[in-house]
Structures are given as structure tokens and as C-alpha cells.
Amino acid sequence: MPTSSGLFPRNFKKAYPLAVRGEGCWIIADDGRRFLDASGQAAVVSISHGVAEIGRAMAEQSSQIAFAHTSQFHTAPAEKLAKRLLAMAPPNFRHGGRVYFTSGGSEATETSIKLARQFHLESGRKDRYRVVSRRQSYHGSTLGAMSVSGNVARRAPYEPLLAEWGHIAPCFCYHCPFQKVFPQCEIACADDLDAFSLGNDSDSVSAFIFEPVVGATLGAAAPPEGYAARVAELCHKHSILLIADEVMSGMGRTGMPFAVQTWCVEPDMILVGKGVASGYAPLGAVLVSARIADAFAKGSGAFQHGFTYQAHPVSTAAGNAVHDYLESHKLFDRVTPAAKKLRDALSPLQSHPNVGDVRGLGLLLGVEFVKDKSTHEPFAKEENIAEKIRQACLEDNVLTYPTQGCVDGSRGDHILLAPPFTISPEECALIARALQSALAKVFPS
Ligand SMILES: Cc1ncc(COP(=O)(O)O)c(C=O)c1O
């Protein structure tokens, strides 16, 4: 970090190269160094870096009308993108669903918490306000989003500021919180929602929020067949709204437009961010199902909420241009075959004594490193394994997304791999080679 920097960095003790250009799956720094973006930064970039037509579409929109406040106007790019997102969504969104655009994922989470609350007010259930979530989850960095998050490390410094509305067990087969094995477990982790709802002042619960595939916190932990359908059924049983946080897993990353479609689940709201504009503009959204939108339309009419930059014309123009690109290059169709190539390239790693699990769905993959493969015992936190793997991959110019804490919030090391959907077989091989060499460096025999 140059001492002349005026930026408040993520970490004052870390040096950050200056990114000056992007090309495909590569980011180029000011010193000419080229980095292979194996994590799509933070599972953001789907269509590739450096697609010039996205910038042109944004410039064109900006030259027409760059800003119009949503209290006075709607704009064509926002209307268009809303219709496109609803058309991709499960059936309960398609006729009468609505989209609330934000500037990112955390704002989408905040918006959904308030939408759930006001939906119940509109429906005459004034006691419902708590949003139940899961331990070992992440829903964003603003205070409402952190309240529902179950990411121990990210919550810790701010505990006094956070509401506690209740967290149930995560769905994490590799480190099952009930020490059970699927399918004999009968998805006990889903039934934790039932157990919670039968006690705990459940009449005050407004919604249950979950990441269909838990991204950064658990390293791409996908649920077993039946989990998502079971929580949907339980939400229905207890008159709780179901919010699917697809900020990371949505917009094609798992091979379906939204991960919940893998299991034919119809949530009441779907949150998107990251891939919705593939990093070309700050954009997020809450997809609101027809039933919820209808309660507002037939009730007070006005949602007591708002951001100056919601539904921003230039950001939504970027979203449309990204969508055009996804469609014209059929990029959703590339996810499953590209994921297979990446998994095949990674498969030799699986025999390494310290690679515990390679998991995920589509191009949202996690690699977990363990001390003892037979017991899944993690390394001590102080060993900083995930960060060491990241640094070793960086020596080969490959960017990964490391996290600690998947086991208990403190121990457990994994990296996330979530490259652009355009990743080639040769680039998959480069990622695997960098990881092989990182394993050799971090775990010398
Ligand atoms: C599942 C999930 N929800 C919400 C967020 C917050 O999104 P943002 O960082 O855009 O505010 C993230 C970010 O990583 C996420 O992965």
C-alpha cells in the first residue's frame, strides 16, 4: 500500500496492486502482471472482464438520462431489466411479481427484511417482524443484514449493535451439525426450522432467509436433495415468508438462473447482486413474488423504504447489456460443461491428504483443506491455511477467494472458485496447476 494512498483499504497491512485492465478471465495490473481470476473476484464476474459493449451501453444511457429519482420517474432500462428478471424467475414471480433494484447485495437484504415486515402489517399481522436465518451464513455487511448473518467473525466486533432474531442450524453435510449422514439424517437440519418455529415466540417471525448454496462462509456448500423443498414447506406451515439470498448463487452461477430452481422451489423473495451486472455497475435487486406485491398494491400502496440510487438508469442499463451478452453468447448453457471441466481438472487434488472436500454447484465451487481427512478435523486457526493457499496461488498469478471458519466460525479453511462462465479448459488446467503447486508449498512432505 503506497503511503500516498488516500483510500481507506480493506486491510492496512496488505499491499494492493493497481488493476488497470480486464480481458476475459484475466485482470492486468499497472506493472503488466496478469492474474487469472479463478474466483470471478468474489463470485461477481460472469460474462468476463473487459466486454466493451457494456461500457458503451452505459455511456449511451448516461448521455440520454443518467439519473431520475424514483419518487418522480421510472426509466426504460429499469423497466426492461425488471421484466427480464421476472421472466427468468420461478412461476410465482411471473404474473404480477415486481423487482426492487438496489445498489448491491446488502441493500437487497435490508430491503427484504423490511418488505417482509410491511407485508405482514399490510396483511393485519402486526406482531411479525423477526427474520430467522442460519448459523454460518452471510447476508451482507449493513446492520440489518449482519443481524441475520450467522458469520461469526464478521459479526463479532459489532455484536452490541446487532438484533438477534434467531438462527437455526446450517445445512452442511461435510461437517453436519447433528453428526448425521444423508439420507439417514432425514434432513434434520431443515427440521430445525420446525423445532424453532414451535417455540421461540414464533408468532413474531416474519421470514426465513437462507443462501441456497452457502458461498463465502461455508465454501460453496450445496444442500442435499429435499432440503430446500422442506424449508419451503415449513415456511408455508408456519406462515413465514421464504427469502432466498441468491446474491452469490443467482444469475446463472449454478447453471440455473436461480439456484432454487434446481429443486423447483418458489420462494417469496429472491435476492440478487454480483452477477446481475457482472461487476460492470453497482447493482442488486429483490425479486418480489406476485402474492407479496399484491398485498402492497391492495393495501397501503406505499412501501416505507427507499434509496436515492435505487433502480439507477445507468446501472440497470449495464444489467440489460450484461443480460444481452449472456443471451447472445448462451452463457448460462456454458456453466455446467465449464464446471465439469474445472472439476475434472481439480480431481487429482482430491487424493491429496489435506484436501478434504471439493464441493459446490455449477461454477460456485469450494475446496476445503483439513488436517485429518478421515475425521475431517480442521487445522488450527493460527495456521492460516486458506490465506497461505491464496498467497501460494498468487505466486502463480491465480486469484482465489480464501475464508476461514467454515467448521465453527473460527476453524476450517477453504477457498472459493467462481470464475467467469467463459473459463476455458486451458484456464481450468492453469487453476488446477496453481493449486497443486500451492499444496506442495503449504504442505511440504
Ligand atoms: C449471499 C450473499 N448475500 C449478501 C451479500 C452482500 O452483498 P454486497 O457485498 O453486494 O453488499 C453477499 C456478498 O458477498 C453474499 O455473498
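Values in this document were obtained by computation on a predicted structure and should not be read as measured data. Basis for what follows: all heavy atoms, side chains included, without hydrogens, waters or symmetry-related copies. Just so you know, ligand 1 is whichever comes first in the structure, and atom 1 is the first atom listed for that ligand.
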Mind checking salt bridge (Lys or Arg N to Asp or Glu O under 4.0 Å) for E233 and listing every partner two or more places apart, or none if nothing turns up?
R230

Going by atom types only, do Q391 and E395 share a side-chain donor-acceptor pair under 3.5 Å?
no

N/O donor-acceptor pairs under 3.5 Å from side chains in residues 406-416, not counting sequence neighbours:
residue : atom : partner : partner atom : Å
D408    : OD1  : S410    : N            : 2.9
D408    : OD1  : R411    : N            : 2.6
D408    : OD2  : R411    : NE           : 3.0
D408    : OD2  : R411    : NH2          : 3.1
D413    : OD2  : I385    : N            : 3.3
D413    : OD2  : A386    : N            : 2.9
D413    : OD2  : Q404    : NE2          : 3.0
H414    : NE2  : A216    : O            : 2.7
H414    : NE2  : G219    : N            : 3.3

Modelled atom types, side-chain donor and acceptor of H305 and Q310, under 3.5 Å
no

With the criterion set at N/O pairs under 3.5 Å, what does the list of contacts between the protein and ligand 1 look like, atom names and distances included?
residue  : atom   : partner : partner atom : Å
ligand 1 : 3 (N)  : D245    : OD1          : 3.2
ligand 1 : 3 (N)  : D245    : OD2          : 2.7
ligand 1 : 7 (O)  : S106    : N            : 3.4
ligand 1 : 10 (O) : G105    : N            : 2.9
ligand 1 : 11 (O) : S106    : N            : 2.7
ligand 1 : 11 (O) : S106    : OG           : 2.5
ligand 1 : 14 (O) : K274    : NZ           : 2.9

Listed partners of R34 passing salt bridge (Lys or Arg N to Asp or Glu O under 4.0 Å), at least two apart:
E23

Which pair of heavy atoms, one from S106 and one from G140, lies closest together, and at what distance?
OG-CA, 3.3 Å

